Amino acid sequence: IAQKARKVVKATDPAHGLEASLLLAASALPYGADRVRTLLDMIEPEMAQANVDQQARFALLRAAAEVGPAKLGRIDTARAAFELLDDHLGVAQCALLAFAYESTGDKRHEVLRATLEHAAYRYEADGRPEWAARLIAQTLAPQLVAGQEHDDACAWLGRAALLAIQARSLSSVEAVLHSAGKLGFSTTLSALSQVDPP
């Protein structure tokens with residue numbers, strides 16, 4: 001369906017053809033990086049007319065579809081493009097790509113921690129406290145516990161709880177409390193009495 005939509009858009013509205021191609025590439029990622037790399041190779045000549053935002057998204061898709069050591073270089077290229085745009089969400093996505101890459105390789109704790117902390121910071125800066133809370137509770141805090149950094153994990157979980165409350169997301173608050181309990185921390189709902197319910 002996405003491929004047909006791209007062909008229709010390119011034929012009827014060439015100005016939006018590149019947008020349709022980028023959307024198709026993003027939607028194809030779960031089905032295999034090979035297909036995405038092939039599509040990106042096809043649309044690369046069109047990138048000469050792309051705006052800065054489209055170029056940044058193209059770089060991010062290239063990074064996500066890349067395999068092997070070249071992936072880090074692609075991630076750096078995408079991150080630089082999003083930083084130029086002051087796009088916190090794009091930089092957060094780059095940090096998560098770096099985390100995924102490191103998770104399948106050397107698994108250096110300090111790198112894993114730094115990428116997750118940076119992604120959480122960028123989500124919060126982008127006005128997405130719920131996303132930051134979930135990332136902290138479900139990925140960063142367990143990583144810290146695995147690295148025997150229990151005090152830091154506790155502090156980050158407290159931050160996640162505040163972000164979830166700020167987002168007025170009951171499901172996020174529950175996710176933070178559930179994660180804290182699973183990691184062996186005692187939890188309390190006393191902070192919730194200070195705000196209106198979500």
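As the structure is a prediction and not an experimental result, all values here were calculated from the model.
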From [atom1] ([X]) to [atom2] ([Y]), nearest 0.5 Å:
{"X": "His150", "Y": "Leu157", "atom1": "NE2", "atom2": "CG", "value": "12.0 Å"}
{"X": "Ile43", "Y": "Leu61", "atom1": "CD1", "atom2": "CG", "value": "7.5 Å"}
{"X": "Met47", "Y": "Gln54", "atom1": "CE", "atom2": "CD", "value": "6.5 Å"}
{"X": "Glu117", "Y": "Asp152", "atom1": "CD", "atom2": "CG", "value": "7.5 Å"}
{"X": "Arg108", "Y": "Glu102", "atom1": "CZ", "atom2": "CD", "value": "4.0 Å"}
{"X": "Arg57", "Y": "Asp87", "atom1": "CZ", "atom2": "CG", "value": "9.5 Å"}

For [X] and [Y], work out which heavy atoms get closest and say how close.
{"X": "Phe82", "Y": "Cys94", "answer": "CD1-SG, 3.9 Å"}
{"X": "Ala63", "Y": "Arg74", "answer": "CA-CB, 3.5 Å"}
{"X": "Ala25", "Y": "Val36", "answer": "O-CG2, 3.6 Å"}
{"X": "Ala95", "Y": "His118", "answer": "CB-CD2, 4.3 Å"}
{"X": "Ala132", "Y": "Ala120", "answer": "CB-O, 3.7 Å"}
{"X": "Gln55", "Y": "Ala50", "answer": "NE2-O, 3.3 Å"}

Just to verify, what does Asp41 make a salt bridge (charged side-chain N to carboxylate O under 4.0 Å, His left out) with, not counting sequence neighbours?
Arg62

Please evaluate residues Arg122 and Asp126 with respect to the criterion salt bridge (Lys or Arg N to Asp or Glu O under 4.0 Å), reporting the C-alpha separation (whole Å), side-chain torsions for both, the decisive distance (0.1 Å), and the verdict.
CA-CA 6 Å; Arg122 291 293 186 157; Asp126 196 53; over 6 Å; no

Apply side-chain contact (heavy atoms from CB on, under 4.5 Å) to the pair Met42 and Leu40, showing each step before the final yes or no.
CA-CA 5 Å; Met42 286 171 43; Leu40 294 175; over 6 Å; no

Does one hydrophobic cluster hold both [X] and [Y], with members joined at side-chain heavy-atom distances below 4.5 Å?
{"X": "Leu24", "Y": "Leu18", "result": "yes"}
{"X": "Leu162", "Y": "Leu116", "result": "no"}
{"X": "Tyr121", "Y": "Leu97", "result": "no"}
{"X": "Tyr101", "Y": "Val111", "result": "no"}
{"X": "Leu96", "Y": "Ile75", "result": "no"}

Among residues at least two apart in sequence or on other chains, which ones pass ring pair (Phe, Tyr, Trp, His ring centres under 6.0 Å) with Tyr123?
Trp131

Is there a side-chain contact between [X] and [Y] in this structure, where contact means two heavy atoms from C-beta onward sitting under 4.5 Å apart?
{"X": "Phe185", "Y": "Val145", "result": "yes"}
{"X": "Trp156", "Y": "Glu149", "result": "no"}
{"X": "Arg37", "Y": "Val67", "result": "yes"}
{"X": "Glu174", "Y": "Leu170", "result": "yes"}

Under 3.5 Å, which donor-acceptor pairs do the side chains of residues 133-143 form with other protein atoms, sequence neighbours left out?
{"residue": "Arg134", "atom": "NE", "partner": "Ser172", "partner atom": "OG", "Å": "3.3"}
{"residue": "Arg134", "atom": "NH2", "partner": "Ser171", "partner atom": "OG", "Å": "2.7"}
{"residue": "Gln143", "atom": "NE2", "partner": "His109", "partner atom": "ND1", "Å": "2.9"}

